[in-house]
K.L.:
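Got a structure for you, written out below as structure tokens; questions coming shortly.
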Amino acid sequence: MTTGRKLPRSFYLHDDVVELARALLGKVLVTELEGKRTAGIITETEAYAGINDSASHAYQGRRTARNEVMYAIGGTAYVYINYGLHHLFNVVTNREEIPHAILIRSIEPLEGLDVMLERRGKQTLSYTLTTGPGSAARALGITKELNGADLLGHLIWIEDRGISFSTRQIATSPRIGIDSCGKDRLKPYRFLVKDSPWVSRSPQKLGQKMRL
DNA sequence: TCAGCGATTAACT
DNA sequence: GTTAATCGCTGAA
């Protein structure tokens, strides 16, 4: 097993959340919960650019019990419940009081496949195991309990294992599921690994068989 | 106070 | 393609 280097605080303090969303592709997201370790390569992200981004929960400085964690220091986990049942995991970035966040939409499973299958209630491996933000979070065991968790702590963190992608290997698109979010709904803030089947809403994935 | 809806998914037809 | 699952915020009573 490759060992990685936990991303330092400085990684998360960068000003440009869109650039950071791109930089997270290829990094490895790890959880260690109840003695069970699971990990996967980040393959799809979306940037939410703070108080000027009409698709962000923090648009116009909105601040509620739910999104309070977005105002914490970069390197904090923001987990919220969507549609009443899905836990969505975001990485908070930038300094305190600047509510930037990056939604992790998909991962490619690396470690703890058996645990992920169990958490997802599945018998067999398929691309639906960890693609889509609700599925990725559930496979990693991420729930509201981790809201506010420190990404430099011991429950959940992100590692650099030397995987990176060139501009040519990365595709960009508008963000998913924010059609009614006003002026910024078409901004190209979604990033995904072009040739990876481990992403959501990929036309090339349809009908594709598992090949591992 | 409460209806309406969302950074979604899976199981239907 | 359609729908049910049903938390938390918003905006209208």
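Quick note on labels: first sequence line is chain A, next is B, and so on, each numbered from 1.
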K.L.:
From the 5' end of DNA chain C to its 3' end, which nucleotides mark the outer limits of contact with chain A, defined by a 4.0 Å heavy-atom distance cut-off (strictly under)?
P.N.:
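Here the contact window of chain A covers C:dA5 to C:dT10.
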K.L.:
What is the separation between atom CZ on A:R66 and atom P on B:dG6, rounded to the nearest whole Å?
P.N.:
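Whole-Å distance recorded here is 12 Å.
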K.L.:
Atom CD1 of A:I142 to atom P of B:dT8: distance rounded to whole Å?
P.N.:
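So the two atoms are 16 Å apart, to the nearest Å.
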K.L.:
Taking the same atom, P, in B:dC12 and in C:dT6, what whole-Å distance lies between them?
P.N.:
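To the nearest whole Å, 16 Å.
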K.L.:
Select base, sugar-phosphate, or nothing to describe what A:I176 touches, counting heavy atoms under 4.0 Å on all strands.
P.N.:
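Sugar-phosphate contact only.
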K.L.:
Between A:Y83 (OH) and B:dA10 (C1'), how many Å, whole number?
P.N.:
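The distance from OH of A:Y83 to C1' of B:dA10 comes to 14 Å, rounded to the nearest Å.
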K.L.:
For atom C1', what is the distance between B:dA7 and C:dG1, given to the nearest Å?
P.N.:
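Comparing C1' positions in B:dA7 and C:dG1 gives a spacing of 23 Å.
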K.L.:
Using heavy-atom distances to pick each residue's nearest nucleotide on DNA chain C, tell me which of A:L85 and A:K144 is more 5'.
P.N.:
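The residue closer to the strand's 5' end, by nearest nucleotide, is A:L85.
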K.L.:
Remember a base hit wins even if backbone is also touched, and classify A:R175 as base, sugar-phosphate or nothing at under 4.0 Å, heavy atoms.
P.N.:
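Nothing, no nucleic acid heavy atom in range.
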K.L.:
Looking at A:Y189, I'd like to know if the NZ or CZ of A:R22 sits under 6.0 Å from its six-membered ring centre while staying within 45 degrees of the ring's axis.
P.N.:
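Not satisfied by the 6.0 Å and 45° rule.
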K.L.:
Give one of base, sugar-phosphate or nothing for A:R120, where a contact means two heavy atoms less than 4.0 Å apart.
P.N.:
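Sugar-phosphate, no base atom in range.
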K.L.:
To the nearest Å, how far apart are A:H57 NE2 and B:dT8 C1'?
P.N.:
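A:H57 atom NE2 is separated from B:dT8 atom C1' by 12 Å.
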K.L.:
Working to the nearest 0.5 angstrom, can you tell me the gap between A:T93 OG1 and A:I98 CD1?
P.N.:
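Spacing of OG1 (A:T93) from CD1 (A:I98) equals 9.0 Å.
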K.L.:
Taking the nucleotide of DNA chain B with the closest heavy atom to each, which residue, A:M70 or A:K122, is nearer the 5' end?
P.N.:
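Counting from the 5' end, the first nearest nucleotide belongs to A:M70.
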K.L.:
B:dA7 P sits how many Å from A:L192 CG, rounded?
P.N.:
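Going from CG in A:L192 over to P in B:dA7 covers 19 Å.
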K.L.:
Between the side chains of A:S200 and A:T131, is a donor N or O closer than 3.5 angstrom to an acceptor N or O?
P.N.:
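A:S200 vs A:T131: no donor-acceptor pair found between side chains.
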K.L.:
Ignoring hydrogens and geometry beyond distance, is a side-chain donor-acceptor pair present between A:S164 and A:K27 at under 3.5 Å?
P.N.:
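Looking only at side-chain atoms, A:K27 and A:S164 do not form any donor-acceptor pair under 3.5 Å.
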K.L.:
Any donor-acceptor pair under 3.5 Å linking the side-chain atoms of A:T31 with those of A:R37?
P.N.:
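Distance-only check fails for A:R37 and A:T31.
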K.L.:
Could you give the CG-to-P distance, from A:L88 to B:dG6, as a whole number of Å?
P.N.:
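Whole-Å distance recorded here is 15 Å.
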K.L.:
May I have the distance from A:F89 (atom CZ) to B:dT8 (atom P), rounded to whole angstrom?
P.N.:
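After rounding, the gap between these two atoms is 16 Å.
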K.L.:
For the aromatic rings, using the six-membered ring if either is Trp, is the centroid distance between A:Y80 and A:H57 under 6.0 Å?
P.N.:
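Judged by ring-centre distance (under 6.0 Å), A:Y80 and A:H57 do meet the cut-off.
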K.L.:
Supply the atom-to-atom distance A:D15 CG to A:R95 CZ, rounded to the nearest 0.5 angstrom.
P.N.:
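These two atoms lie 6.5 Å from each other.
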K.L.:
Counting just side-chain N and O atoms, does A:R105 come under 4.0 Å of either OP1 or OP2 of B:dT8?
P.N.:
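Yes.
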K.L.:
Counting any heavy atom closer than 4.0 Å, what does A:N67 reach on the DNA or RNA strands: base, sugar-phosphate only, or nothing?
P.N.:
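Here A:N67 touches no strand at all.
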K.L.:
Starting at atom NE2 of A:H86, determine the distance to atom C1' of B:dA10, rounded to an integer number of angstrom.
P.N.:
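Rounded to the whole Å, the gap is 8 Å.
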K.L.:
With heavy-atom distances below 4.5 Å as the criterion, would you say the side chains of A:N94 and A:M70 are in contact?
P.N.:
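When only atoms from C-beta onward are counted, A:M70 and A:N94 do not touch, as no gap falls below 4.5 Å.
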K.L.:
Could you tell me which nucleotide pairs with C:dC7 by Watson-Crick or G-U wobble geometry, both distances under 3.5 Å, or answer none if nothing does?
P.N.:
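C:dC7 is paired with B:dG6.
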